[in-house]
Amino acid sequence: MAAQFPLLRVPPSLSTKPLYVSSLKPTTPSSSSCTIRQRGLYGLCTITCASSNGREPDSVEEGVKSVEQLLEEKRRAELSARIASGEFTVEQSGFPAVVKKTLLKLGVPSAILEILFRWIDIHEECPKIPEAKGAISAIRNEAFFIPLYELYLTYGGIFRLNFGPKSFLIVSDPSISKHILRDNSKAYSKGILAEILEFVMGKGLIPADGEIWRVRRRAIVPALHRKYVAAMINLFGQATDRLCKKLDAAASDGEDVEMESLFSRLTLDIIGKAVFNYDFDSLTNDTGIVEAVYTVLREAEDRSVALIPFWEIPIWKDISPQQKKVSAALKLINNILDDLIAICKRMVDEEELQFHEEYMNEQDPSILHFLLASGDDVSSKQLRDDLMTMLIAGHETSAAVLTWTFYLLSKEPTVVSKIQEEVDAVLGDRFPTIEDMKKLKYATRVINESLRLYPQPPVLIRRSLEDDVLGKYPIKSTSKMESVRIGVGSTDLLNPRGEDIFISVWNLHRSPMLWDDADEFKPERWPLDGPNPNETNQNFRYLPFGGGPRKCLGDMFASYETVVALAMLVRRFNFQMALGAPPVEMTTGATIHTTKGLKMTVTRRVKPPVVPILETPTMNMEASASLSQGDTLLDQKSEASSAHS
Ligand code: HEM
């Protein structure tokens, strides 16, 4: 079946052709302003966040902002009015709807009818999920996610969206999300996601369902033990240091840099080493393998927005240049994987280490090494599928988090100063260690908040396998008759399927009903002495890593990776939007990307001078306090001189 919802996207700087991607809701942090552009399929569009580089005269910038804000408000008001007029509401069928229509025609006031029919609705045995119909695609200059968000505000935490022949349930309610993801997770599969990713991930951990998933999750999770994560922090530090060197050169030459592409390369280098001990070295080289990885990612993205499943047409594979390129890329990646597995197997056979719970080979701490040592079958396709899955899952997501964090920070210099202050105090100039992770509290809160505003991915996809009740609404596995009604393809008729569900993490994370100042970037909303926010302590209104049994297994890895990169970069450099940089536009695939990159000017950071502390012998208390502060500064200085040695 063709999926008509965008799932994956490659950074534009690495992409060679136009992307048809959906756009997102209009609101961005208060300090930025957005315009919207139509684009591609179903009138899917992009939002332009006019970025301020802080160098324009205030009055001009403010003027532009207020005009854009006015336009934005007008647009939203118009859309809300259209929704309120019932333009997108599917008429209820059945006897009550006919009676209601007739009474309305006879002149009975609609307010009275509303009260009467609400009462009837309540007393109906099976409440019906509110429905919105597909005229959404007809909204000119509107983005798909904007009506989706507006419809959420109108219809609530669950509604049905029918566009064209497709029918989806859009869930933006924390308790229904908890039910689907955690409490009754066995009743749901990955649905469309598994269909699209099959060509690259096969039955890897993300798309896999049922017994295969259970067995593989049990095999892989133990590989990410504490000792492994500690080793990874060194790796994050080394890889970020390579990026620092690149940025240092750019700062010397006065050249602007495209940060989204650099973050994509940084996280590719990290995940290659972390998963199968392969150094892509993409920060310095553009080798064939790097190109092959991006070819595959691009293909996944194209498939996610295709009108028909062109890849299922037998002859197409052989004649389409793009499909041939994809096959060649997959072949190259698989050959390299085979070589890496063979090398790793030899190492495992030769080593004397006994396998145990926190087993790790110091020379090669990779997940592959752990799996082979634990007895994984070297020849299995499953092993390759899982390695590919982790490569893709752990690459784009982290890169997107860093990109949007730096975009948000470009507008909030006070937040940057606070991170710098913390990093100076905790790290000085040395590389971070695992012990530092719990001390870099503010930097962690910045990442938490960035993940709230830009969740990666913005929607989680499921398909119901059984009848269930979502909130007060019963849902059914679609029968053959209903398949005909919603117009799914002939294969679906033979294999009747359940409801396709999108859990909109975007809506949850930006809901004004769930958050104060929902659209504002406020790391302070997460108290430094409070717990690290997660789906459990936030009762499923915050799902940066999903929840339930299918929760991301790389959550700690990714949190530390992004905190290390953030800390090391802001301690060395200041980042500003480059003069004349293209406006930052959002597009979404599996993660949210910019359309034209994040072009920034990087300058070396000048640390604030150390203020000498004068000794005052008469004030003993203060003298001893000054002494301990002085000690700390001294320690920092000696650390600074030993760093990067
Ligand atoms: C900031 C970076 C990351 C974010 C935001 C993120 C987010 C997520 C989310 C939301 C899910 C749940 C998907 C669903 O329920 O449909 C997920 C699953 C997954 N993630 Fe991550 N992820 C990140 C990094 C990583 C890394 C570094 C790895 C590998 C080391 C990884 C491996 C996986 C795997 C294997 C799954 C599937 C788990 C399962 O189905 O059992 N992720 N991720």
Side-chain angles (χ1 to χ4, degrees), residues 7 171 177-178 180-182 185 188-194 196-197 201 203-210 212-221 223-225 228-229 232 235-236 263-264 266-276 365-368 370-371 385-405 444 447-448 450-463 501-506 508-509 534-535 540 542-566 590-592:
L7 296 162
V171 171
S177 307
K178 191 202 289 181
I180 297 170
L181 295 176
R182 195 187 73 184
S185 62
Y188 296 88
S189 74
K190 290 290 181 90
I192 298 172
L193 192 76
I196 289 163
L197 296 178
M201 293 187 187
K203 298 258 179 287
L205 205 54
I206 285 186
D209 284 311
I212 295 182
W213 168 77
R214 240 181 308 283
V215 169
R216 293 311 290 166
R217 174 113 187 169
R218 231 178 279 143
I220 295 170
V221 166
L224 286 95
H225 50 68
Y228 169 80
V229 174
M232 288 304 104
L235 169 66
F236 304 153
F263 284 139
S264 182
L266 169 72
T267 58
L268 181 63
D269 287 356
I270 289 174
I271 203 73
K273 284 294 280 181
V275 173
F276 36 65
S366 69
I367 293 176
L368 170 63
F370 180 96
L371 290 175
D385 285 350
D386 287 327
L387 295 176
M388 276 303 272
T389 300
M390 279 184 278
L391 174 71
I392 291 173
H395 165 218
E396 288 292 285
T397 42
S398 303
V401 173
L402 285 169
T403 301
W404 289 107
T405 303
T444 307
I447 296 293
N448 298 146
S450 165
L451 268 166
R452 187 183 68 81
L453 286 169
Y454 295 94
Q456 318 289 350
V459 290
L460 300 178
I461 296 173
R462 293 292 187 275
R463 181 175 292 157
I501 299 171
F502 291 162
I503 298 173
S504 174
V505 184
W506 179 275
L508 280 167
H509 283 193
N534 60 33
E535 76 289 0
F540 278 71
Y542 182 65
L543 298 174
F545 295 105
R550 306 298 302 249
K551 185 178 173 176
C552 177
L553 55 75
D555 58 344
M556 191 177 279
F557 179 112
S559 300
Y560 290 166
E561 177 187 21
T562 46
V563 167
V564 166
L566 171 65
T591 57
I592 306 167

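Remember, it's 1-based here, ligands and their atoms both numbered in the order they're listed. Note that the structure is predicted; figures quoted are calculated from it, not measured.
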At what distance, to the nearest 0.5 angstrom, does CD of Glu535 lie from OH of Tyr542? 10.5 Å

Taking atom CG of Asp269 and atom CG of Leu235, what is their separation to the nearest 0.5 Å? 9.0 Å

What residues form a salt bridge (Lys or Arg N to Asp or Glu O under 4.0 Å) with Arg182, not counting sequence neighbours? none

Apply salt bridge (Lys or Arg N to Asp or Glu O under 4.0 Å) to Arg217 and list each qualifying residue two or more places apart in sequence or on a separate chain. none

Keeping the roles fixed (side chain from Lys190, backbone from Ile206), state whether a donor-acceptor pair exists under 3.5 Å. yes

Partners passing ring pair (Phe, Tyr, Trp, His ring centres under 6.0 Å) against Phe557 (at least two apart in sequence or in another chain): Phe236

Please give the N or O to N or O pairs under 3.5 Å between ligand 1 and the protein, distances rounded to 0.1 Å.
unit_1: ligand 1; atom_1: 15 (O); unit_2: Arg462; atom_2: NH2; d: 2.8
unit_1: ligand 1; atom_1: 16 (O); unit_2: Lys190; atom_2: NZ; d: 3.4
unit_1: ligand 1; atom_1: 16 (O); unit_2: Arg462; atom_2: NH1; d: 2.9
unit_1: ligand 1; atom_1: 40 (O); unit_2: Leu205; atom_2: O; d: 3.4
unit_1: ligand 1; atom_1: 40 (O); unit_2: Arg550; atom_2: NE; d: 2.7
unit_1: ligand 1; atom_1: 40 (O); unit_2: Arg550; atom_2: NH2; d: 3.1
unit_1: ligand 1; atom_1: 41 (O); unit_2: Trp213; atom_2: NE1; d: 2.7
unit_1: ligand 1; atom_1: 41 (O); unit_2: Arg217; atom_2: NH1; d: 2.7

